[in-house]
Amino acid sequence: MIDINLIRNNPEMVKEKLARKEFEVDFTTFLIQDKRRRELIFTTEQLKAEKNKVSAQIPQMKKEGNDCTLLFAKMKQDSELINDNDDKISLLDKEIDDFLESLPNLPADDVVAGGKENNAVIRTFGSKPQFAFEPKHHVDIVESLGIIDYTRGVKLGGNGFWIYKNLGARLEWAILNYFIEEHLKDGYEMLMVPHILNYQCGYTAGQFPKFKDDVFQLKNDENVEFTHFILPTAETALVNLHRDEIIEENRLPFKYFAYTPCYRKEAGSYRAEERGMIRGHQFNKVEMVQYTTPETSEAALEELVNKAERLVQGLGLHHRVSKLAAGDCSASMIKTYDIEVWIPSMNDYKEVSSASNAGDYQSRRGNMKLRRKDSYKLELMHTLNASGLATSRIMPAIMEQHQQEDGSVIIPEVLRKWLGGLERLIPQK
RNA sequence: GGAGAGUUGGCCGAGUGGUCGAAGGCGCAUGACUGGAAAUCAUGUGAGCGAGCAAUCGCUCCGAGGGUUCGAAUCCCUCAUUCUCCGCCA
C-alpha cells in the first residue's frame, strides 16, 4: 500500500511514477471519494460528540427523577442517523481501500522506466563455459547420473513434480546446508516457519488479492473463500513476523532467513524449454528477509544482493546481476536486483535470486512500525527480501556448467564436506 | 473430536449496563533529593482517524465481527486464539 497522503497532495507525481511501472491510473474518482469520506466523518463525529454529551447526563437526570422518555426517543433517532452515516463511511472505506491496495509500489528514483527490455546488466561473474564436446541438457545429465526421478515424481504429484534420489537428494541438501551456513556466518537468524499461512500473510506481502490464484489454496468448505494457503515462498511468512508490532528503533535491523519448499501453481507457464526443474510446483529455497529503518534500507538491499551473489560465486557458476526496470519489479517493490545464472542448454540466464526493497509498502499493509529512540515517534519500517538461493535453478546450472566430456559432473568444492568428500558424480550404467 | 476456563494499555491486574480510555501495581521518561548511584517523592506515560498553521479539540478502539439498548469492557450470537482435562493420532 502506498501512502494515501502522497496521492492527496501530489496525484500527478504518483501518476507519473506509476506510469514508469507501466501502470496507468486515474485518481479523479478516488479524490472525490476521499473528500466525501472526510466530510462524512466530520459531520458524523459531531453527531457522536453530541450523543456522548447527552448520554453522560442521563444518569444524573435519572437520579433526580426526571422523565427521559422524550430524550430517549430523540437519542434513538440520532443513533439511527449515526448508524446510517457509519454504513456510508465504511462503504467508502472499502472502495478507497480496494483502490489503494490495487496500486503497486512506487519505483525508486534511480530505477528506469519501462518493462523487462529496459533491465540493465550491472555486473557479470565468470564467463560462459566453453565445451570441447556437445554439452548435454541437465535433464539428460541428472537422469544418467541417477539423481532425479521425474517419472515417479509425476506418478506421485503430477506434472511439475520430481523426486531427488540418492546422491541427488544429498546434493540438494548439501546446497541448502551451504546456504544456511553462510547466512549463519553473516549473523542472520534462522527460522523454521509454518508452510500453511492465513490470508492476511498474503495480503501483507502484497501478493493478495491480485495473485491469490497463483497459490495453492486450502479450504474445507466449498462455499467459502479460502482462509489459508500453502506458502509460495518463505518471504510470505517472514515478512509477516512483525505484523501489528511496534519495534524500538535500536533493535533494528532484524535479519532472518528460512529454508522452505515453495509451492506454486505456475498455471499455464509451461514451455518445452523449461523442461526439467526450471519451473516446478514445488522447489526448495532459502529466503532472507530484513526489517530496517527507512534510511538504512538502501544499504540493506546492497548487502542482500551481495550475499546472494557470493553464494553463486562460491559454487563457481557463471552469472550476471541485473537491475530491473520499474515495470519488471513486482508490485510491492521499489527496487529489485536479479541474479541470473547461465544455463547452457537454454542459451540464457535464469533467475536464481531476486533481491528487493519493498520500502514501507508491506509495512503499511501489515502495520509494522518502529519507534524512534529520540522522538518516540512511530514510523513504518522498511522490509526487504532476497532469495539466498533457490536451488531449482542452481542444480541445473551445476549439472550443465560443471559437466565433463565423460558424462560426469564436478561437485563444487564448498559442497563436498556434506557429501563425504565426493568430488564428482559419475553416470550410472 | 468432547468438556471447562480465559483473552483488558509496554507488562501484571481490577472492573458484570451509565460521568470507564478504563482503578491499582510494575516498567519507562522527566524533575527533585544525592558527590554519584540506589531508595524515596512529584509529574507524565497507547494507537488509529478527523478538524486546525499550531497549541489543541473531537471520534473510535477493552481478541475479531455482528446483535440487543437511549447507553456495552460489562448482556446475546459467530469466529479466532490461549490454558486445563478427556479422547484420538504421526
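Chain letters run A, B, ... following the sequence lines, proteins first and then strands; every chain starts at 1. Note that the structure is a prediction, hence the values are computed from the model and not measured.
Look at the C1' atom in both B:A37 and B:A32: the space between them is 15 Å, to the nearest Å. With C1' as the reference atom, B:C62 and B:G46 are 12 Å apart, rounded to whole Å. Here the separation of B:G13 from B:U7, taken at their C1' atoms, is 13 Å to the nearest Å. B:U8 and B:G71: their P atoms are spaced 27 Å apart (whole Å). The gap from the C1' atom of B:G6 to that of B:C59 amounts to 31 Å, rounded to the nearest Å. The P atoms of B:U78 and B:G4 are separated by 13 Å, rounded to the nearest whole Å. A distance of about 28 Å separates the P atoms of B:C83 and B:A73, rounded to the whole Å. Nucleotides B:U19 and B:G31 have their C1' atoms positioned 33 Å apart, rounded to a whole Å.
In this view, A:T293 and A:E295, A:T296 satisfy the side chain to side chain donor-acceptor pair (under 3.5 Å) rule, not counting sequence neighbours. Residues meeting the side-chain contact (heavy atoms from CB on, under 4.5 Å) test with A:N367, sequence neighbours left out: A:D244, A:K369. A:I410 meets the side-chain contact (heavy atoms from CB on, under 4.5 Å) test with A:H402, A:Q404, A:R416, A:R424; sequence neighbours excluded. For A:S363, there are no side chain to side chain donor-acceptor pair (under 3.5 Å) partners at least two apart in sequence or on another chain. Applying the side chain to side chain donor-acceptor pair (under 3.5 Å) criterion to A:R20, with sequence neighbours excluded, gives no partner residue. The side chain to side chain donor-acceptor pair (under 3.5 Å) search around A:E249 returns A:R372, not counting sequence neighbours.
A:Q428 and A:S144 form no side-chain donor-acceptor contact under 3.5 Å, judged by distance and modelled atom types alone. No side-chain donor from either of A:N240 and A:Q200 sits under 3.5 Å from a side-chain acceptor of the other. With no hydrogens or angles considered, a side-chain donor-acceptor pair links A:E101 and A:Y203 at under 3.5 Å.
The aromatic ring centroids of A:F254 and A:H242 lie less than 6.0 Å from each other.
Shown here is A:R310, whose CZ atom has more than 12 heavy atoms of other residues, nucleotides or ligands within 6.0 Å.
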Check: protein-nucleotides 75-80 of chain B nitrogen or oxygen pairs below 3.5 Å:
none

Show each protein N/O and nucleotides 16-21 of chain B N/O combination with a separation under 3.5 Å, one pair to a line.
| from | atom 1 | to | atom 2 | distance (Å) |
| --- | --- | --- | --- | --- |
| B:G18 | O6 | A:K62 | NZ | 2.6 |

I'd like to compare against my own output: the B/S/- annotation of nucleotides 47-60 of chain B with a strict under-4.0 Å heavy-atom distance to protein. SSSSS------BBS
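Among residue pairs with one or both ends in residues 196-205 of chain A, none qualify as salt bridge (charged side-chain N to carboxylate O under 4.0 Å, His left out); sequence neighbours excluded.
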Output side-chain donor-acceptor pairs under 3.5 Å for residues 69-76 of chain A, partner residues at least two apart or in another chain, one line each.
| from | atom 1 | to | atom 2 | distance (Å) |
| --- | --- | --- | --- | --- |
| A:T69 | OG1 | A:D67 | OD1 | 2.5 |
| A:T69 | OG1 | A:D67 | OD2 | 3.4 |
| A:K74 | NZ | A:D78 | OD1 | 3.3 |
| A:K74 | NZ | A:D78 | OD2 | 2.9 |

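A:N198 places its CG atom 20 Å from the P atom of B:G63, with the value rounded to the nearest Å. Whole-Å rounding puts the A:D244 CG to B:A64 P distance at 11 Å.
Consecutive Watson-Crick or G-U pairs involving RNA chain B, each under 3.5 Å on both distances, make up stems of three or more pairs at B:1-7 with B:80-86, B:10-12 with B:24-26, B:27-32 with B:40-45, B:46-51 with B:56-61, B:63-67 with B:75-79.
Remark: A:S79 is not in phosphate contact with B:U69, judged by side-chain N or O atoms under 4.0 Å from OP1 or OP2.
Here the CD1-CG distance, from A:I411 to A:L422, works out to 4.0 Å after rounding to the nearest 0.5 Å.
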